[in-house]
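Written below as structure tokens is the structure these notes are about.
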Amino acid sequence: MIIGLTGSIASGKSTVANMLKEYGLPIVDADVVARLVVEPGTPTLQKIVELFGEEALTENGAMNRQKIGAIIFNNEEKRKELNSIIHPAIRQEMLRQRDEHVKNGAKTVVMDIPLLFESKLQHFVEKILVVSVSEETQLKRLMERNQLTEREAKARIESQLPLSVKEQGADAVINNNGTIEQTAKQLGNILRNWNVI
Ligand SMILES: CC(C)(COP(=O)(O)OP(=O)(O)OC[C@H]1O[C@@H](n2cnc3c(N)ncnc32)[C@H](O)[C@@H]1O)[C@@H](O)C(=O)NCCC(=O)NCCS
Ligand SMILES: Nc1ncnc2c1ncn2[C@@H]1O[C@H](COP(=O)(O)OP(=O)(O)OP(=O)(O)O)[C@@H](O)[C@H]1O
């Protein structure tokens, strides 16, 4: 079974992905892949420099994540342009990793895709698991984790679809407002229900 793990920024996807790893399930992580495809020397990074100029790079020639984040979370047009460069490369590599796990005999593969709904990637997966939190919890955890002001955090949250919309497209929803233990318990129930464990 291919499970799509999604949610929104700081809703707890990585926290749940780590629990899934403990069950021994292979994870294909879109955020990790997004870093891989822009390593120095890649054609994708070259295209990003063409779009944003040399200031897209740090002194070491790597992508300047902070600078690009500050631009694209506040400018929809630039975000769409970046997405159109980087997303095809991310998709290709994610499918390659998924297929490799299946070839190596994995019965279940988890694809952790923050923008599963925004990018309409539902067809990549068989079951969709949404990790959800209230708007209040999301804002608080994002500000704390990334050391952002309320304004910066809200800009990031608003660049994604609301969690209420994502819940409607889910096969199962984890409510991650509570403790880590409560989240782990919900996950266990869902995996048993799906006969994964
Ligand atoms: C904008 C970038 C440089 C910011 O890097 P930074 O290290 O600060 O954040 P990180 O990569 O860890 O992403 C954190 C979260 O931001 C959100 N996010 C990232 N990119 C986007 C985007 N284009 N649109 C909406 N939300 C996004 C996701 O929820 C993601 O989990 C980076 O996120 C990036 O390269 N984004 C484009 C690729 C992408 O869409 N990645 C999302 C998963 S496919
Ligand atoms: N149940 C919980 N109780 C307290 N803190 C939590 C809980 N779940 C997650 N967190 C914290 O909230 C923050 C966001 O969680 P996490 O990094 O798992 O989210 P994410 O959805 O993967 O985010 P992103 O899309 O930005 O990668 C982290 O600092 C994490 O430690």
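Note that this is a predicted model, so its numbers are computed, not measured. Atoms within a ligand are numbered from 1 in the order they appear, just like the ligands themselves.
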If hydrophobic clusters are built by linking Ile, Leu, Val, Met, Phe, Trp and Tyr wherever their side-chain heavy atoms come under 4.5 Å apart, do [X] and [Y] end up in the same one?
| X | Y | result |
| --- | --- | --- |
| Ile27 | Ile180 | yes |
| Val196 | Val131 | yes |
| Ile113 | Leu163 | yes |
| Phe52 | Ile90 | yes |

Any heavy atom of [X] closer to ligand 2 than 4.0 angstrom?
| X | value |
| --- | --- |
| Pro114 | no |
| Gly178 | yes |
| Ser11 | yes |

Considering heavy atoms of the protein only, find what lies nearest to [atom] and give residue, atom and distance to 0.1 Å.
| atom | answer |
| --- | --- |
| atom 20 (P) of ligand 2 | Lys13 N, 3.4 Å |
| atom 19 (O) of ligand 2 | Gly12 N, 3.1 Å |
| atom 36 (N) of ligand 1 | Leu82 CD2, 4.3 Å |
| atom 8 (O) of ligand 1 | Arg156 NH1, 3.8 Å |
| atom 8 (N) of ligand 2 | Asn176 ND2, 3.0 Å |
| atom 30 (C) of ligand 2 | Thr15 OG1, 4.1 Å |
| atom 22 (C) of ligand 1 | Leu115 CD1, 3.7 Å |
| atom 27 (C) of ligand 1 | Phe73 CE2, 3.6 Å |

query = Below 3.5 angstrom, do we get any N/O pair linking Asn83 and ligand 1?
reply =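 Yes - when backbone and side-chain N and O of Asn83 are compared with those of ligand 1, one distance drops under 3.5 Å.
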Lys13 to ligand 1, any heavy atom closer than 4.0 Å = no
Under 4.0 Å, heavy-atom basis, I'd like to know which part of [X] is in contact with ligand 2: side chain, backbone, both or neither.
| X | result |
| --- | --- |
| Ser14 | both |
| Thr179 | backbone |
| Ala17 | neither |

Carboxylate-amine/guanidinium proximity below 4.0 Å for Glu76 and Lys80 =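 Yes.
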ask   = Can a salt bridge be assigned to the pair Glu150 and Lys154 using a cut-off of 4.0 Å between side-chain N and carboxylate O?
value = yes
ask   = Out of Lys166, Gln138, Lys13, Glu135, which residue meets the side chain to side chain donor-acceptor pair (under 3.5 Å) rule with Ser8?
value =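 Only match with Ser8 under side chain to side chain donor-acceptor pair (under 3.5 Å): Lys166.
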key: Among Arg98, Arg96, Gln97, the one residue meeting side chain to side chain donor-acceptor pair (under 3.5 Å) with Glu100   =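 That would be Arg96; it is the only one of Arg98, Arg96, Gln97 passing the side chain to side chain donor-acceptor pair (under 3.5 Å) with Glu100.
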Reported [atom1]-to-[atom2] distance for the pair [X] and [Y], which is rounded to 0.5 angstrom:
| X | Y | atom1 | atom2 | value |
| --- | --- | --- | --- | --- |
| Gln182 | Asn176 | CD | CG | 9.5 Å |
| Met111 | Leu129 | CE | CG | 14.5 Å |
| Lys67 | Glu55 | NZ | CD | 5.0 Å |
| Asn18 | Lys21 | CG | NZ | 4.5 Å |
| Asn64 | Ile71 | CG | CD1 | 8.5 Å |
| Ser159 | Asn83 | OG | CG | 9.0 Å |

key: More than 12 heavy atoms of other groups within 6.0 Å of Glu167 CD   = yes
request  = Locate the shortest heavy-atom distance separating Ala170 from Val130; write the atom from each residue and the value.
outcome  = CB-CG2, 3.5 Å
Hey, which atoms in ligand 1 end up nearer than 4.0 Å to a heavy atom of [X]?
| X | result |
| --- | --- |
| Met63 | 3 (C), 35 (O) |
| Gln160 | 17 (C), 18 (N), 25 (C), 26 (N), 27 (C), 28 (C), 29 (O) |
| Arg35 | 7 (O), 12 (O) |
| His87 | 39 (C), 40 (O) |
| Arg79 | 23 (N), 24 (N) |
| Ser159 | 25 (C), 26 (N) |

At less than 4.0 angstrom from any non-hydrogen atom of [X], what atoms of ligand 2 do you find?
| X | result |
| --- | --- |
| Asp31 | 27 (O) |
| Ile9 | 25 (O), 26 (O) |
| Ser8 | 21 (O) |

Return the option from [options] holding the heavy atom at the smallest distance from [atom].
| atom | options | result |
| --- | --- | --- |
| atom 30 (C) of ligand 1 | Ile9, Val32, Asp31 | Asp31 |
| atom 6 (C) of ligand 2 | Arg156, Arg145, Arg141 | Arg141 |
| atom 6 (P) of ligand 1 | Glu118, Arg65, Glu158, Met94 | Arg65 |

Where's the contact between [X] and ligand 1, heavy-atom distance under 4.0 Å: side chain, backbone, both or neither?
| X | value |
| --- | --- |
| Ile113 | neither |
| Ile72 | side chain |
| Gln66 | neither |

request  = State whether the side chain of Asn60 and the backbone N or O of Ala62 hold a donor-acceptor pair below 3.5 Å, judged by distance alone.
outcome  = no
ask   = Is the backbone N or O of Leu51 less than 3.5 Å from a side-chain atom of Glu81, with the two atoms forming a donor-acceptor pair by type?
value =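 Checking the backbone N and O of Leu51 against the side chain of Glu81, no donor-acceptor pair under 3.5 Å is found.
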